[in-house]
Amino acid sequence: MTTPFPFTAVVGQDDLRLALLLNAVSPAVGGVLVRGEKGTAKSTAVRALSALLPEVAVVPGCRFSCDPASPDPACPDGPHETGPGTQRPARMVELPVGASEDRLVGALDIERALAEGVKAFEPGLLADAHRGILYVDEVNLLHDHLVDLLLDAAAMGASYVEREGVSVRHAARFLLVGTMNPEEGELRPQLLDRFGLTVEVAASREPDQRVEVVRRRLAYDDDPAGFTVRWADEESAVRAQIIAARKLLPSVRLGDGALRQIAATCAAFEVDGMRADIVMARTATALAAWAGRTDVLAEDVRQAALLALPHRRRRNPFDAPGLDENKLDETLEEFAEQEPEQGPDDDPDPDGGPDGPGGGGGQQPPESDSDGPQGDDAGAQPEAGEGGEPQPSGAGSGEQQPVRASEPFRTKALSVPGIGEGAAGRRSRARTEHGRTTGAKRPQGALTKLHLAATIQAAAPHQLARGRSGRGLVVRRDDLRQATREGREGNLVLFVVDASGSMAARQRMSAVKGAVLSLLLDAYQRRDKVGLVTFRGSAADVALPPTSSVDAAAVRLESLPTGGRTPLAAGLLKAHDVLRVERLRDPARRALVVLVTDGRATGGPEPVALAGRAARLFAADGVASVVVDCETGPVRLGLAGQLAGELEGTAVTLDELRADSIAGLVKDVQRRAA
């Protein structure tokens with residue numbers, strides 16, 4: 001068994017350690033979401049926490065970790081009688097991102113249930129994590145159906161497994177801890193709100209601290225057991241402080257003044273619902289117990305706000321989490337009450353433990369109202385380079401400063417024709433494990449989704465030969481039928497954006513960026529991967545390789561400069577190359593190309609013909625495409641429509657892209673599907 005890195009040996013990361021310890025003191029806080037770049041000890045700290053948790057008493061032989069003092073009356077292994085039980089260490093269970101539903105909630109043997117009438121249930125990870133820690137690394141990459149199951153279990157404290165009328169229920173109360181790298185995509189708001197606290201972590205920029213990180217890591221790798229022994233005293237001290245804080249927790253007083261500060265803070269920052277108020281109250285109480293006090297102070301409320309509110313203030317995936325600390329201080333001061341007198345031994349500092357976890361820093365800096373750099377007159381300069389020498393991509397005369405995107409709007413649905421088999425999502429039709437039943441087939445491997453009618457139909461002709469004498473149906477393995485289902489998949493939405501001077505000269509770039517931003521928001525909601533290719537000057541660039549981080553694409557879009565010629569063919573060829581590489585990495589994920597252009601092509605010999613030949617490569621590969629026509633004015637050349645014909649795709653105007661427009665869209669490339 002691998003020896004975990006000691007929790008107290010983690011260098012820095014005070015907020016991370018404090019948040020984990022507060023949940024160890026009071027699991028009712030609701031778990032921790034750890035956000036940060038790779039290599040910042042996120043997983044190391046979480047795995048080390050389990051060694052600090054006190055042992056739990058369980059009913060001997062119970063696979064569901066029932067508490068012997070109050071066993072679950074509905075436990076599948078029950079009923080249990082109250083008794084002393086046995087002690088075992090608290091568990092930390094890891095949920096792999098690619099886990100199946102049966103692995104998470106447990107598996108019910110449908111064959112034995114039908115043929116023998118026996119509930120043969122194999123517990124899943126939720127049962128293993130009961131009264132312990134459920135850890136999800138890269139939680140933002142978890143499939144939607146697993147997220148839904150986690151939400152249900154976290155809300156109800158129980159897990160339900162149902163298969164064709166046969167059901168099993170067991171308790172599932174756990175500390176949910178997730179880690180994620182925001183560059184790989186954001187969490188669904190429903191799951192984001194389920195985490196009680198959130199912490200942003202980053203690598204230290206102090207050389208001395210970085211040296212100490214390397215020194216401790218090398219010492220641990222050379223001799224894990226010896227390194228752990230050297231930190232045993234510190235680990236024991238923190239474990240004892242957790243136990244003491246748990247005992248003190250019921251005695252902590254949360255006064256009316258502190259409650260008013262909590263309510264005022266949540267109202268001032270306009271968080272949705274009441275969960276934030278409850279989490280702040282529990283966190284402030286745990287902070288007081290951790291500091292060895294029985295009264296909640298204003299400092300506790302402030303620290304609780306810094307941990308519990310940043311992730312609840314996001315209104316869309318492009319909002320950065322964080323709090324304006326000046327506004328927080330003003331709110332707390334406005335609703336402050338007379339603090340209780342402190343004794344000589346009272347310590348208002350919530351930091352505790354021999355390693356000093358805590359500290360009020362580490363959160364995002366105050367929000368800024370700045371809209372970023374603005375161009376002069378939104379790019380009213382004429383297109384540069386027309387008729388002259390090609391300008392280098394991203395440089396040269398005619399380049400204009402980035403302009404701000406217009407307000408995003410709800411777009412019409414775009415989808416890929418046909419039925420795919422890609423990752424679960426919400427865009428295009430696909431054969432999935434979840435969705436509406438469309439047919440039946442013989443199972444390959446374990447039966448998971450029984451098609452009852454097809455199973456009965458297959459077994460019915462053989463009842464006489466099998467000697468059926470009673471009312472029950474004699475079912476054998478060969479009779480079982482697996483239900484085939486149709487749901488939705490996520491696609492790769494590759495944006496190919498014209499950033500040339502012809503787009504900026506007519507002051508259209510703000511509207512174009514607003515349209516792409518709207519499509520990015522739609523891609524986030526539909527669980528797509530996105531990529532961004534831009535072309536201007538003399539070449540095309542991959543501004544963002546395919547990724548699940550939609551907000552990363554939004555950042556690249558916002559800083560996109562314009563100007564120069566229109567190398568349309570280069571943009572199409574670059575996008576074709578990106579799709580070729582991505583098909584090798586993820587062959588099941590189908591692509592949707594969204595080309596944002598006015599259809600013009602300049603530079604080099606026969607640029608229009610070259611662009612047409614490049615477009616026909618997409619048609620030959622069967623890639624679904626949509627051309628967003630950005631041409632404006634009373635006289636239009638219709639070049640974007642011609643380009644859509646070469647792509648065998650659909651052309652829409654910026655106005656038609658809006659969901660509330662009168663014109664219909666959603667043609668799903670009908671001429672290709674016909």
Residues which pass side chain to side chain donor-acceptor pair (under 3.5 Å) with Arg527, listed by chain and number, not counting sequence neighbours: Asp144
Under 3.5 Å, side chain of Asp67 to main-chain N/O of Ala69, donor-acceptor pair present? yes
Any idea which heavy atoms bring Val46 and Met92 closest together, and the distance? O-SD, 3.7 Å
So ring pair (Phe, Tyr, Trp, His ring centres under 6.0 Å) across residues 20-66, not counting sequence neighbours, yields Phe64-His170
Please evaluate residues Arg589 and Glu582 with respect to the criterion salt bridge (charged side-chain N to carboxylate O under 4.0 Å, His left out), reporting the C-alpha separation (whole Å), side-chain torsions for both, the decisive distance (0.1 Å), and the verdict. CA-CA 9 Å; Arg589 188 181 291 268; Glu582 194 63 20; 5.8 Å; no
Scan residues 121-134 for pairs that pass side chain to side chain donor-acceptor pair (under 3.5 Å), counting only residues two or more places apart or in two chains. none
How close do Arg216 and Phe5 get, heavy atom to heavy atom, and via which atoms? O-CE1, 4.1 Å
Please check: side-chain N/O of Arg215 versus main-chain N/O of Arg210, any donor-acceptor pairing under 3.5 Å? no
Main-chain N/O of Ala129 paired to Arg91 side chain as donor or acceptor, under 3.5 Å: no
So does Ala232 get a backbone contact from the side chain of Ser236, meaning a donor-acceptor N/O pair under 3.5 Å? yes
Test of understanding: with side chain to side chain donor-acceptor pair (under 3.5 Å), list the residues that count as partners of Arg63, not counting sequence neighbours. Asp77
Can you name the residues that form a side chain to side chain contact (heavy atoms under 4.5 Å, CB included) with Arg230, not counting sequence neighbours? Ala219, Phe227
Please test Tyr135 against Ser43 for side chain to side chain donor-acceptor pair (under 3.5 Å), starting from the C-alpha separation and ending with a verdict. CA-CA 9 Å; Tyr135 172 48; Ser43 300; 2.6 Å; yes
Indicate yes or no for a side-chain donor-acceptor contact from Arg253 to the backbone of Asp295 under 3.5 Å, with no hydrogens or angles considered. no
Could you check whether atom CD of Gln87 has more than 12 heavy atoms from other residues, nucleotides or ligands sitting under 6.0 Å from it? yes
Electrostatic pair Asp329:Arg302 at N-O distance under 4.0 angstrom: yes
Set of residues satisfying side chain to side chain donor-acceptor pair (under 3.5 Å) with respect to Asp221, sequence neighbours excluded: Arg217
Looking at Asp300 and Leu297, would you say the former's side chain and the latter's main chain have a donor-acceptor pair under 3.5 Å? yes
